[in-house]
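Single-structure report; data block below.
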Amino acid sequence: MSARLSSDAAFRLLGRAGYGARPGEAEALARQGLGAWLESQLAAPVVEPAVEAAIDRLDAPAEDPAQPRTLRQPLSALAPLMDTSPEARLPPEARARPRLELQLATLVRKARAAGQLRERLVEFWHDHFNVSFLAGPRVAVALPDYDRRIRTQALGNFRALLEATATAPAMLYYLNNQSSRAGAPNENYARELIELHTLGRAAYRGAAADGAAVPLLPGGVAAQYVDGDVWEAARAFTGWSVAAGQVAEGQRRLPDDFAFAYVAPWHDGHRKQVLGQVLAPFAPAMADGRRVLDLLAFHPATARFVCGKLARFLIGGPAPAAEARAEAVFRTQREAPDQLAHTVRALVDGPEILAPKAGRLRRPLDVVAAAVRAFDLPFAPNRALLRQMAAAGQEPFGWPAPDGQPLDAGPYLGASALRARWAMLGTLTRPAGLAPSLAPLVGRPVAEVTGRLAALALGPEAARPARLIAEVWLAEGGGPAPDQAALGRLAGWVLAAPEFQAL
Amino acid sequence: MPLTLHRRDLARLGYGVAAAAGLRGLAFAAQPAPLLIVVNLRGGWDGLHVLSPANDRDFVELRAEALRTTEASGLRLDASPSVDFRLHPEGAALAGLWRAGRLAIWPAAGVPQPTRSHFEAQALLAVGHGARAEGESGPGWLGVWAEAAAPPGRIAAVSAAGGLAPMLAGGRRGLAVSALDGGLGLPGGAVGAAMLGALYGGGPGPAAPAGREAIAALATLDAKLARDAEGRVLPYRPAQGADYQPAEGFGRALATVAETARLTPGLVAATVELGGWDTHDGQAGRLAGRLRVLAAGLDALATDLADLPRPWTLLVVSEFGRRLRANRSGGTDHGRAGLMLACAGGAGRRFGLARHLGAWPGLAPDALEEGVDLRVATDYRAVLRQVVVELAPAGPKLP
């Protein structure tokens, strides 16, 4: 029922909507057709038991392997790690553990999950709603909780996802809303909520004084925002905090389970005006903040900004028609629990994502996952790999600024970043040997070996690197019939080719 | 992101293309090349806390005491006859540079476009634009200048980072290198160099030209590194006992710039970033910690490069300053004008901007932008022009 596509197009689709083709996967998708593949991807479960079992089999990253894993525990169980008082006397290692476990689990999920499209969306939303473990131990410890929130709604509903992040302890600490108080609120969250999470910078008009000149949408909502909207929105979120044993004015001590807490005495209850809409004074608990989230989530600028960004992420090149399809669906399905699945379907179900000229640079997370998938490499990520990824320009959950890990090629194409990338790709194919499926290549002529390896990793772009690598290999004195170790090195050079660095 | 600088970019920025090409060969052939180092403090540092108008009544009244530098706590600069500017105690090294006539200060500089967005202000700062209407795309202003100012040679500019800073983006002779220790050889030794050379000799996509440039530039710099008898790269030894260690990663980046500058007489531009200034929360401790690192780094560089046989200027920029009134998180939110600094050195250098203090609009209610923020009294591009002209009077001008 769905249109057939060439295996070259299928290969490109798997690199863009997923983390690259496994051996034989592009051919299978070509037979299956785009539509059927897309439906099976959108129906993939949030949790894949086989992948989670592979994660549980990883060596414990901490010095004390007897400690229970933190990844599976609710945030309340990690409360002791959130204690930043000097009396806590926690080694930094203990606090680093949750984010380290999540970093390694993330690598395994990208490389192994059957639900590749969901993993792509999880990555997209982590970038979009960025928090960084570098901001402090509380953000770092809260990361697994944050990841569960994003994972659950990745193909769900944007408004629900927005509130899941707004009430996430990781976000409340990262953008400081937990300490925001009536009277002189902290503007950090409100600023980035509007600029980065919803309306986008294209809708920023600037100075508060310019608010009067902003045109109104049908219904009276302002089409753009000014600083005054940020200031008012910040007031709306006062009192959205984290229960960390504080004492609020006139209240009992809050629990210290590090759950989200709405603290009424910290909320500014007076009348506010956001995007031209009046927020009535003394509304019920959380109503002001929720009203702002509604205004933002359902604003047309948000649909445009989010869908445009998603198109750049999944498709790569400019794709105005695909963006327009996605934007229309995002808006009409705004109440649907699977609004984002519909949106992604509209974006991907078209010619744009298959086009040879689309695509973008693979970031370090992309290249690692794609390398593992291309050759079915045995994969046990560790701290050394994370260090190499950082040197190549991306450590998962480590981008310090709220704009999230850049999609632009700049940070990854500097001389040092490329040198680190090449070294990283070389080590991936070495230590543990290659996949059993590649064993028949041992002892075969080098041109045949590089031809096969390049076909797996580079699909339609295999010919040039396959020829060059074989030529240089022989010219540099490599054996004409590579053994197992030589096969690993040749696989590493295939991954280093410029063809592999773009989607 | 364009990787090469087009002639039209040079023309757009006001360089006669022929003149720019000629400058390379002529202007600096006879004299040592200048070096402009830009330190970008991402996040928007609180200039009002780093350098406080300690006797300003509006300031004292409106700014929480923990977030200002006072007559009791701060270092006196005697920079102005009317305003008692006091430097944060963690910036003691900067006070020393000021007294030595090696520092210039603009206390109320910024992007003219009213914006309190990090990312808009940073984007404008990178391309050297003043307003949204001018756009945010195009080559970095520093890369354009470096391209025109540098003598012939493979490396004209360096970012001490994995990737090129946006200010340098677009220049063909920019190198991003995060560290030099251990050398810059390619993985896989001679075979690796041959493989990567062949693979990146052509090929599609954005990585191919970047890889070509990286391979050539890494080889150029690697060949210049000092080595012992066994061929191991010797660690960098700063001059005059300068110590980059207390400045941590920022210090290592500055040391990379200093060593690259010593190895590359034609290097005319460099960038280093130091983040962590977005102090919406707990500012007192966080700002002190950041400033300690910044001052230690600048002190080390100023010492190390004091005798560099060519003139250099280090410019400190940040996308904006912060709000006059603090929030209840013990922090400050995004404001408008901020603090810019320039520090200079080089053998026999007389800094033409020594003890220069830029315009100060004051903090009276009617002097504030939108009633809340220090007004932008100096367009940051005027500072760039002033610094560039002083550093390289015969070189290309900024638009």
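All values reported here derive from a predicted model rather than from experimental measurement. Just so it is clear: chains get the letters A, B, ... in the order the sequence lines come, proteins before strands, and each one is counted from 1.
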Practice problem: Please assess N176(A) against S329(B) for the test side chain to side chain donor-acceptor pair (under 3.5 Å), listing each intermediate value before the final yes or no. | Solution: CA-CA 8 Å; N176(A) 313 129; S329(B) 302; over 6 Å; no
*Decide side-chain contact (heavy atoms from CB on, under 4.5 Å) for W422(A) and L199(B); before the verdict, give the C-alpha distance in whole Å, the side-chain angles of both, and the deciding distance to 0.1 Å.*
CA-CA 12 Å; W422(A) 294 327; L199(B) 287 169; over 6 Å; no
Check the pair N186(A) / D281(B) against side-chain contact (heavy atoms from CB on, under 4.5 Å), numbers first and verdict last.
CA-CA 8 Å; N186(A) 189 314; D281(B) 188 307; 4.3 Å; yes
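No part of A217(B) comes within reach of chain A, as not one of its non-hydrogen atoms sits under 4.5 angstrom from that chain. When heavy atoms are compared at a cutoff of 4.5 Å, E461(A) approaches chain B solely by way of its side chain, counted from C-beta outward. Interface remark: Q122(B) contributes no atoms to any contact with chain A (heavy atom separation under 4.5 Å). Heavy atoms closer than 4.5 Å to chain B are found in the side chain of L196(A), but not in its backbone. Residue contact with chain B, scored on non-hydrogen atoms closer than 4.5 Å, involves the backbone and the side chain of I469(A) alike. Looking at E120(B), both its backbone and its side chain come within 4.5 Å of chain A, counting heavy atoms on both sides. Residue P185(A) touches chain B through its backbone alone, counting heavy-atom pairs closer than 4.5 Å. Contact of D403(A) with chain B is made through backbone and side chain together, with heavy-atom distances under 4.5 Å. For chain A, no part of R325(B) is nearby; none of its heavy atoms comes within less than 4.5 Å. Contact of R205(A) with chain B is made through the backbone alone, with heavy-atom distances under 4.5 Å. For R181(A), the parts lying under 4.5 angstrom from a heavy atom of chain B are both the backbone and the side chain. With a 4.5 Å cut-off on non-hydrogen atoms, A326(B) touches chain A through its backbone but not through its side chain.
Judged purely by atom type and a 3.5 angstrom limit, E499(A) has no side-chain atom pairing as donor or acceptor with the backbone of G203(B).
One distance of note links CZ of R191(A) with CG of D278(B); it measures 10.5 Å at 0.5 Å rounding. The CZ atom of R201(A) lies 8.5 Å from the CZ atom of F119(B); values are rounded to the nearest 0.5 Å.
The cationic group of R132(B) lies under 6.0 Å from the six-membered ring centre of Y204(A) and within 45° of the ring axis, placing it in a cation-pi geometry.
Taking every heavy atom of both residues into account, L175(B) and A415(A) meet most closely at CD1-CB, 3.4 Å. The two atoms that bring A179(B) and S416(A) nearest to each other are N-OG, 4.4 Å, heavy atoms only.
The interface of residues 182-196 of chain B with chain A, defined by heavy-atom distances below 4.5 Å, comprises G183(B), L184(B), G185(B), L186(B), P187(B), G188(B), A190(B), V191(B), G192(B), A194(B), M195(B), L196(B).
Between R323(B) and E187(A) there is a salt bridge, since at least one side-chain N of the basic residue sits less than 4.0 Å from a carboxylate O of the acidic one.
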